[in-house]
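Just so it is clear: chains get the letters A, B, ... in the order the sequence lines come, proteins before strands, and each one is counted from 1. Reckoned from all heavy atoms, side chains included, excluding hydrogens, waters and symmetry mates. What you see is a predicted model, and the numbers here were worked out from it, not measured in a lab.
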Amino acid sequence: MLGTGIIKGLAETARNFLGSFVDKKRLVTVEFPEERLPVAEAARNFPFLLYDGSDPEGGLRCVACQICEKECPPKCITIEKSKDKKPDVVGKPQFYPAVFNIDVSVCMSCQICVEVCPFDAIRMDNEFELSTTDRFGGLLWTKEKLSRPNEHYLAIHPTEAAEVEARRAEEKAQAEAKKQQPAVSK
Amino acid sequence: MLDQLFVTLKHWLLSFAPSVAQPAVSILLTIIPILLVFPLLFALTTVLERKTLGRIQNRYGPNRVGFFGILQPMADAVKSLTKEDVVPATADRTVHFLAPLVLLAVAFLPYAVLPIGRNMIAANLDAGVLFFFAIGAISELSVFMAGWSSRNKYSLLGAMRAVAQMISYEVPLLLSAVAVIMATGSLSTVAIVEKQSGFSGIFPHWNVLTPWGFMGFFLFVIAALAESNRSPFDLPEGESEIIAGYYLEYSGFKFALFFLAEYLGMFAISGLGITLFLGGWSAPLPFLTFVPSWAWFFAKLFGMIMGFIWIRGTLPRLRMDQLMNFAWKFMLPMALVVVVCAGAWRFLPAGPVRWLVSVVFLAVAYVLLARGVSSTNKVTKRTYRFAE
């Protein structure tokens, strides 16, 4: 019969229309700036540099080995190695990056820098509200902007960070043990 | 008092004008409110439509600009005013420029014969309904001007579709109005409303409450949807097929003018539907007559607009052949049946027999004609003779 389908359809849309006022579950829209969904744990955006302790300058794990700079596929990392050595967080003298820049307009978030880093010094951040009015300066992140404490890493990627922490603790314990009994086998 | 508020206000304002200028001032005082109220109504309708469509699709709709998004049309207006006005290099510049203006002028003219309230009509023409349809036919010309002058195949396709559709649906639109004109015995919109303003018991004498009037209103609304190029008859625009149809090559404020004209056309034809079938400005129940007549008109207009939005949110677009089949195989014969039924209603003695005869007559006609339409597009299994 002509028109029955139309009436069924009209009833369906009327149900949607009225239901959206009664049943809040129908409205799935998350009104973004005011409402937010939790960011997924595996979410990643751009890299950041980790530092231990409270001093971003002295505690930086990066020793300017420049592996990430060489491995970076779009070549967005610029590192200048320091001429001198500074003591790191355990007091051992190390090179440090005099300049560490990431051009986030070039970065493609591939995470290769994280995978190649032998010092667990670079990790992926999950911050995504990064718009800026300065498209050159605002998108070239310097060492100061990139440095984040280890606690930040523990907070945003807890599972992954816990693994890294456990591994680092084990390595440290092994190193300590080696120091205690030097060259037994020789 | 409240009923005649605007009429008294006009006469009061008119008393300040010198007697020489009074005719001109009187005309201005009639026209300016129409030119203000209906575009404002358009602005409100756009946001109402977007919010309603949103709710139908379980979204919020615009709610950022102003209180609950009510200032969204202002933001849209600023946006369309600041946009670049692009004219294609090969376009016929004069016609391209004139098309939106002609369309807008034509969109405003039908309001001259719409009785918005008691004694509230710009021009009480003896042939008001005829005037309305005559003006409505010009809008086809301006649509074709827009499509032709753009020198774009999509524009031209859209314009050709628009003309084909509007001419096809003008016939049932007119014929369903003819039934009312037959029942009233007048082409004047004021006379048509006054004929419907009485009550028998609690029921008003609206045409829609008779069998032929109900069917006529049904046909009128379908044809009105097609005339105002609204979904499901929005083939001339056809975003997914021909981008934007006849106003594809318009940008900025000219585009906004097309939009305005489309909505004004929708309000005008809804107003005519109200005048012809829903008793114009008359109250639906006898004890509600204290509400001003213009308030009833706008309440009914709001109801019609909501209905149009509801239909837009429900139905997908027709195909061109379905559109034409429906117009010529269903709408036109059904409108003729309505005309015959309206005549029979006039000459049959009042009572249940008249109701029974009319309802059965219309129902049988509906079922038979509906069968004719739906049998043409039966899906059969496709067989390939040569491809293997």
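- Summarising the local packing, CZ of A:R36 is surrounded by more than 12 heavy atoms from other residues, nucleotides or ligands at distances under 6.0 Å.
- The neighbour count for B:F67 CZ, taken as heavy atoms of other residues, nucleotides or ligands under 6.0 Å away, does not exceed 12.
- We find that B:R59 and A:E31 are not joined by a salt bridge, their nearest charged nitrogen and carboxylate oxygen being 4.0 Å or further apart.
- Within a 6.0 Å radius of OH in B:Y366, more than 12 heavy atoms belonging to other residues, nucleotides or ligands are found.
- The two residues A:S20 and B:N58 come nearest to each other via the heavy atoms CB-OD1, 3.8 Å.
- Around atom CZ of B:F302, no more than 12 heavy atoms belonging to other residues, nucleotides or ligands sit under 6.0 Å away.
- Annotation: A:K172, atom NZ; neighbour count of heavy atoms from other residues, nucleotides and ligands within 6.0 Å does not exceed 12.
- In A:E170, the CD atom is not crowded: 12 or fewer heavy atoms of neighbouring residues, nucleotides or ligands sit closer than 6.0 Å.
- Residue B:F326 touches chain A through its side chain alone, counting heavy-atom pairs closer than 4.5 Å.
- In this structure, the separation between CZ on A:F17 and CD on B:Q57 is 12.0 Å, given to the nearest 0.5 Å.
- By the 6.0 Å contact criterion, NZ on A:K81 is enclosed, its count of non-hydrogen atoms from other residues, nucleotides or ligands being greater than 12.
- For the pair A:I6 and B:L315, the minimum side-chain heavy-atom distance is below 4.5 Å.
- Heavy atoms only, all atoms of each residue included: A:L10 and B:W310 are closest at O-NE1, 3.0 Å.
- To the nearest 0.5 angstrom, A:L18 atom CG is 9.5 Å from B:I56 atom CD1.
- For the atom pair CG of B:L53 and OG1 of A:T13, the computed distance is 10.0 Å after rounding to the nearest 0.5 Å.
- Comparing A:V28, A:T29, A:L27 by how many heavy-atom pairs each has under 4.5 Å with chain B, the most go to A:L27.
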